[in-house]
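All values below were derived from every heavy atom in this structure, side-chain atoms included, with hydrogens, water molecules and symmetry-related copies excluded. In what follows, every chain begins at residue 1, and chains take the letters A, B, ... in the order their sequences are listed.
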Amino acid sequence: MKQFKYLILALLLLPLVLSGCADNRSHSNGVYLLIDTSGTYAEQITKARKIINYLLANLNAGDSLAVAKVESKSFSEKDIVAKVTFDRRPSQANLEKRAFNQKVEAFAKSIKGSAYTDITGGLIQAAEYLNEANPGHKTIIIFSDLQEELGKGTIRDFPIKLTGIRVMAVNVTKLSTDNTDPRRYLDRLAWWEKRVRDAGATEWLVINDLEHLDKILANP
Amino acid sequence: MNNLNSWLFWPDQVALSLLALFFLLTIFLYAARIPAHSVILSVCNLAGHALRFTARWLMVTAEGLRQRNKTVLLAHGQAEVTSQVEREFERVSALVSKELGEYPALQRKMMDELTRIEDDYLKCGEVPPPPPEWVDALSTIANLKSGGDIAKKMLDDLHKSVQKIHDKTISEYRKAYEGRHKILKGLMPLWRSVDKVVKNLDTNMVNLGSNAKAIDAHMTRYEEMRAKTDKSEHTLAISAFVQLGISSLVMLIAVGGAFINFKLIALPMSEMVGASDYITSNLRTSDVAALVIVLMEATMGVFLLESLRITHLFPTIASMNDQLRKRVMWAALILLIILAGIESSLALMRDMLIADKAAMLHDLATVQPIVSDSLLTHIPMIGQMVMGFVLPFVLAFVAIPLEVMVYSLRTVAGVLLVMLMRAISFVLRFSAMILHRLGRILVSVYDISIVLPLLLERWVISLRGSASPKPAKLTPGRAS
């Protein structure tokens, strides 16, 4: 009878023991999406929504997601359209995803083209957010043509820090000048790759076909 | 190349150096021939003896293990046959006490019914009609000499009377026959009852006979086991292999059921313990929690069947007094019902979560979901709930094949271990034999390498013509 009691006790204590040896490393995903709203690129918002919908459908409970716009000066919290770290419970996470979607919908309706494009400021802001949220896998998505145009007095020509972060450029459209000389487009991509890799990013990826969005959450 | 040069006496003259080296080596080998032979043979013998010793030890250990296996196997078999014989005796006892225990009453009933049948039979005996008395009166009247009309009138009256009596007699006769027929008809149920009783007795006797035959068969097996015959050991070992195969198959099916059970509750468990907690890099806490629930259900099932004395995995439970055992049984049953209820609720929650996610995906796709409230949409949900409630009870029965597997696995593992040890022993003995031969071969090879000095030695000895130093043999032999 004594052995039987011990067995029952062991069974009851099993969940506690299992929780005691839990893996404390974070396995969650953190995605920060930068949306270029400058000039004619603002018209690409429908595609941006497609990416957001993909992320909302595929991110799990406990993951983090933020959407921010890239404007004239983007190193600011006010440029963050919506941000959320989903609840650990799937049902609550679904509610949060719905609320997030509504915010993005409102943003899409109120979008206005800006004069300049501060991608570097957006990257610094994104890295700051992701390092604070500290998910297991950090990803920054730049939804832009990667043509950075800084306003007068904006200083961004200094080394940035993107250690441990994957950076992806999505829907990098060709400018009219790129059509004349494709080397400009390729040089632009190469310049950004170098800048990102020099900043310590773990990966640089360009996705122009939105049918391959599954690469966004394919963690190495 | 430098390494080779270091061995050459004259690096410029390689051939000469090699020849000198060969010459020196031959002299050395010839000089060391006897100790070298001794070393080669000793090493081979030593290794061979070690291998033979190990092989012998393995054989002895295997035999000991086989004997131990046999003892355990026979003891288990004896216990099994004993319980089978006990069960057969219980059946016989039940048959005797239930059917044949009422034999006196049955006999009395049969005697009573037979007496009644006899009485009724006597009653229905045919009673002859009374002799016609009017025949005498008629012959008297017929013998009258005179009478004329008087006689005629008398005869008419007599005719009427006779006719009347005749009708009455016929009527009584028919009534009597009718009564007898009724009595005979009344005998039918009695005959049937007697027939039924006799048939029941016959069936019982046949059952008793088959039980006796089964007991005889069990007793024969038991006697063989008591005699520890190889046949009984072989039979039991084969039986263990078959049982292991069958129980493994059933366990495989049970594992499939457990997997379905797990899948049913893994998703909703994330709602309870969180979906983002991990125990290892690939193992979610919610998955482990679901697995623990499934395993606890199986464990409760094992305890339930154990306390019902269907299985005998835990001697502690088997040796409990009946009151305590019943308490354990009720506790296991209640816990199992609670777990089944939890699982059923989780199955419902799973359906709700999936529906919620589907609705959200529809929202994201900006397509309005088709709202359907028909019975068809509820069937999967109801099915999941029923499965969630029933599967734990189905899993509870896994204790039976588990017990068979545990007991048969011990026998099978023992038999396989003995076979393995014998096989290793054989390989070691074979290797020892090879080593023994190898020693002789190496000695021969050694002699071949110094064949020139040996031939020279033989030639010198033959020149001397003396037999004092024994000539060296060119054939392989023991150096001494």
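When all heavy atoms of A:Arg88 and B:Val273 are compared, the closest pair comes out as NH2-O, 3.0 Å. Residues B:Glu271 and A:Gln92 come closest through the heavy atom pair OE2-N, 4.4 Å. Nearest heavy-atom pair, A:Ala57 versus B:Met360, reported as atom, atom and distance to 0.1 Å: CA-CE, 4.4 Å.
For A:Asn94, the parts lying near chain B are the backbone and the side chain together; criterion is any non-hydrogen pair under 4.5 Å. Neither the backbone nor the side chain of A:Ser28 comes within contact range of chain B, judged by heavy atoms closer than 4.5 Å.
Here B:Asp356 does not pair with A:Lys97 in a salt bridge; the nearest charged N to carboxylate O distance is not below 4.0 Å.
Counting heavy-atom neighbours within 6.0 Å of A:Arg197 CZ, excluding the residue itself, gives a total above 12. Remark: B:Met272 CE is loosely packed, at most 12 non-hydrogen atoms of other residues, nucleotides or ligands lying under 6.0 Å away. By the 6.0 Å contact criterion, CZ on A:Phe100 is enclosed, its count of non-hydrogen atoms from other residues, nucleotides or ligands being greater than 12.
Here the CE-OG distance, from B:Met349 to A:Ser91, works out to 7.5 Å after rounding to the nearest 0.5 Å.
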